[in-house]
2 protein chains.
Amino acid sequence: MQVKRKPSRMFSQRSIHGRIAHEIGQQILRGDLQPGQILPSEIDLGEGFGVSRTVLREAIKVLAAKGLVESRTKIGTRVKPRDQWNMLDPDVLSWSLVSNEAEDYALAVSEMRRVLEPAGAALAAQRATPAQVTRIRAAFEAMEAAGRNTEESVYHDLRFHLAILEATGNPFLVSMGHVIESAIAFNIKLSVEFPALRIQSLPLHRIVLERIEKGDPRGAQAAMVKLLQEAQMDIERILAGPRKRATRAASTRRLRKVQE
Amino acid sequence: MQVKRKPSRMFSQRSIHGRIAHEIGQQILRGDLQPGQILPSEIDLGEGFGVSRTVLREAIKVLAAKGLVESRTKIGTRVKPRDQWNMLDPDVLSWSLVSNEAEDYALAVSEMRRVLEPAGAALAAQRATPAQVTRIRAAFEAMEAAGRNTEESVYHDLRFHLAILEATGNPFLVSMGHVIESAIAFNIKLSVEFPALRIQSLPLHRIVLERIEKGDPRGAQAAMVKLLQEAQMDIERILAGPRKRATRAASTRRLRKVQE
DNA sequence: ATAAAACATATAATACTACAAATACCAGCC
DNA sequence: GGCTGGTATTTGTAGTATTATATGTTTTAT
């Protein structure tokens, strides 16, 4: 008779297979498991994690569904090349933020936001229903009430942006909101480390809101561009360290590296 | 140069759990299984599909990983609300294209492309490595050689756009390329039904290419805007039927409907 | 009579075993 | 050398048993 290991669930309300997928996913994103590399056999992996093969296989299936790995008989389970990973999956993105390339990914998210959200604001200005406008305004007012530099205000800031994306009526932009939501964890971490640099431009948020309420697509778009530009400058300033400001070239270099 | 047609996703060689996930996923996207609804128990479902509970559970795990369902003990497996679905997952998107809202989703994809790809072209003009530029050019030349209105040319058209997104160096835009790749199946279907309307503006593609090669971000962006605008007009013209051109209002109405 | 506690039940979660299928690898043959 | 077939290894599938947990019911104590 073998001793049964009792998995600790103190900190995790997650299911076991979910925890395993989380572990392996982070290992892949961190680079501990490189693309092309073959994972240990299901039996070995299961023993390593102290779980049955059934549970382990369910974890692998989750990773496969997100494009991280691919299983073939006789070969084993292989880590797929990076360009096959579904970075737009909230879980994958959140795992990427614990890698040593977290900063690069955060910059890439920021870059995408600067493309999508202004257009989203314009669409919201065209299409938002009264209820949706109300939600956007509620988020803004909560942010206003929360004051600056608090976890509260970061949360309501996020709500503000998500509400705008929802108001576009485009389901893909809504999904993109979940991506942003995952990425925001990194921003929070930054804002904790560098509280002085965290600026939530309330006035710019207000302008975006007003122009959406007014049904002014171009105005809303322009305001959102400025808003995100400021946020991006904050991030780059932090990542470049206190000595120098990040240049566009530096940002480009970072992205090249991520791409590999 | 020899063209190798790569059928990127073969449905025939899929594993059983993949086929089940495909089936149930389509049912959910089609609306046969409504959000909030609880699926039959694992045992019943397994019997229904003629597979063991093990296989069925792996399929469910895949769907859960894509945000379509959520399993809880005693409750069962429930379809999550639509705004939780990860529409940016290539599989989910491909399933959506068999629903009776396929046209709406296709329009939404088109809308997102018009936002992302011009920005992508600008980034590519800034950052593309020589090898990446070569790939873009190769796709263009293949498209040119293939002639119009053929499946070949649609395929190389897609390659052209994917190569540009890859050249941005932004991993999220690369993933977005896979989304577009999934959505293109719908465009192909349309172009088969309405061959006369299928226009692949070769001159505009050439301009985009040249400006990327020249390192002209703004020029590339502008050209891509025009290119996608033309494509969008084609789609709307088809979807609106032969009688009238789709108006912006019509497009908005469609998107509202998708949003629910 | 009411509220709390114990119990029953149904379902997903996990575990374990056995067998099937696929295929890379190797030996042997022509 | 190249082909052919066998073999071993790994994932794929099946079936059953056990455990955990949420829900509903009954019992019990006040």
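Every chain is numbered from 1, with letters handed out A, B, ... down the list of sequences.
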In whole angstroms, the gap separating C1' of D:dT9 from CD of A:Glu42 amounts to 12 Å

In whole Å, what is the span from the CZ atom of A:Arg53 to the P atom of C:dA20? 15 Å

If you look only at pairs with a residue in residues 177-186 of chain A, which of them pass as a side-chain hydrogen bond (donor to acceptor under 3.5 Å, both in side chains), with sequence neighbours excluded? none

Check each of B:Ile136, B:Val174, B:Leu173 against B:Glu166 using the side chain to side chain contact (heavy atoms under 4.5 Å, CB included) test, and report the only one that passes. B:Val174

When you check the gap from the basic side-chain N to the acidic O, do B:Arg53 and B:Glu47 get nearer than 4.0 Å? no

B:Ser94 side chain to B:Ala183 main-chain N or O, any donor-acceptor pair under 3.5 Å? no

Are the side chain of A:Thr134 and the backbone of A:Pro130 linked by a donor-acceptor contact shorter than 3.5 Å? yes

Name every residue in residues 57-65 of chain A that has at least one heavy atom under 4.0 Å from any atom of DNA chain D, in order of residue number, or write none if there are no such residues. A:Arg57, A:Lys61

Interatomic distance, B:Ile43 CD1 vs D:dA17 P [rounded to whole Å]: 12 Å

Nearest-Å distance for atom pair CZ/P, residues B:Arg78 and C:dA12: 12 Å

Are B:Ile184 and B:Tyr155 packed together at the side-chain level, in the sense that at least one heavy-atom pair is separated by less than 4.5 angstrom? no

Under a 4.0 Å heavy-atom cutoff, the residues of residues 45-52 of chain B touching DNA chain D are B:Val51, B:Ser52

Nearest-Å distance for atom pair CD/P, residues B:Glu70 and C:dA13: 10 Å

With sequence neighbours excluded, residues passing side chain to side chain donor-acceptor pair (under 3.5 Å) with B:Thr77: B:Ser71

Would you say A:His17 reaches C:dA13's phosphate, i.e. side-chain N/O to OP1/OP2 under 4.0 Å? no

Less than 4.5 Å apart, any side-chain heavy atom of A:Leu29 and any of A:Leu97? no

Are there any protein N/O atoms within less than 3.5 Å of an N/O atom in nucleotides 3-5 of chain D, and if so, which ones and at what distance?
none

Residues forming a salt bridge (charged side-chain N to carboxylate O under 4.0 Å, His left out) with A:Arg159, sequence neighbours excluded: none

Salt-bridge criterion met for A:Arg127 and B:Glu111 (N-O under 4.0 Å): yes

Let me know the distance between CD1 of A:Ile16 and C1' of C:dA15, rounded to the nearest Å. 10 Å

Can you name the residues that form a ring-ring contact (aromatic ring centres under 6.0 Å, His included) with B:Phe172, not counting sequence neighbours? none

What does nucleotides 21-27 of chain C look like as a protein-contact string, B for base, S for sugar-phosphate only, - for none, at under 4.0 angstrom between heavy atoms? -SBB---

Name all residues meeting the side-chain contact (heavy atoms from CB on, under 4.5 Å) criterion together with B:Ala21; count only those two or more places apart in sequence or in a different chain, and write none if there are none. B:Ala59, B:Val62, B:Leu63

The helix from C:dA1-D:dT30 to C:dC30-D:dG1: angle between end helix axes, five pairs per end, rounded to 10 degrees: 10°

Verify, without hydrogens or angle tests, whether A:Arg78 (side chain) and A:Gly36 (backbone) share a donor-acceptor contact under 3.5 angstrom. yes

Spacing of CG belonging to B:Leu93 relative to OG belonging to A:Ser175, to within rounding of 0.5 Å: 10.0 Å

Relative to the 5' end of DNA chain C, which residue comes earlier, B:Leu39 or B:Thr54, by the nucleotide with the nearest heavy atom? B:Leu39

What pairs with A:Gln26 under side-chain contact (heavy atoms from CB on, under 4.5 Å), at least two apart in sequence or on another chain? A:His22, A:Arg30, A:Trp95, A:Val98

May I have the distance from A:Leu56 (atom CG) to C:dC16 (atom P), rounded to whole angstrom? 13 Å

List the residues meeting side-chain contact (heavy atoms from CB on, under 4.5 Å) with A:Glu144, not counting sequence neighbours, and say none if there are none. A:Phe140, A:Glu141, A:Leu202, A:Arg206

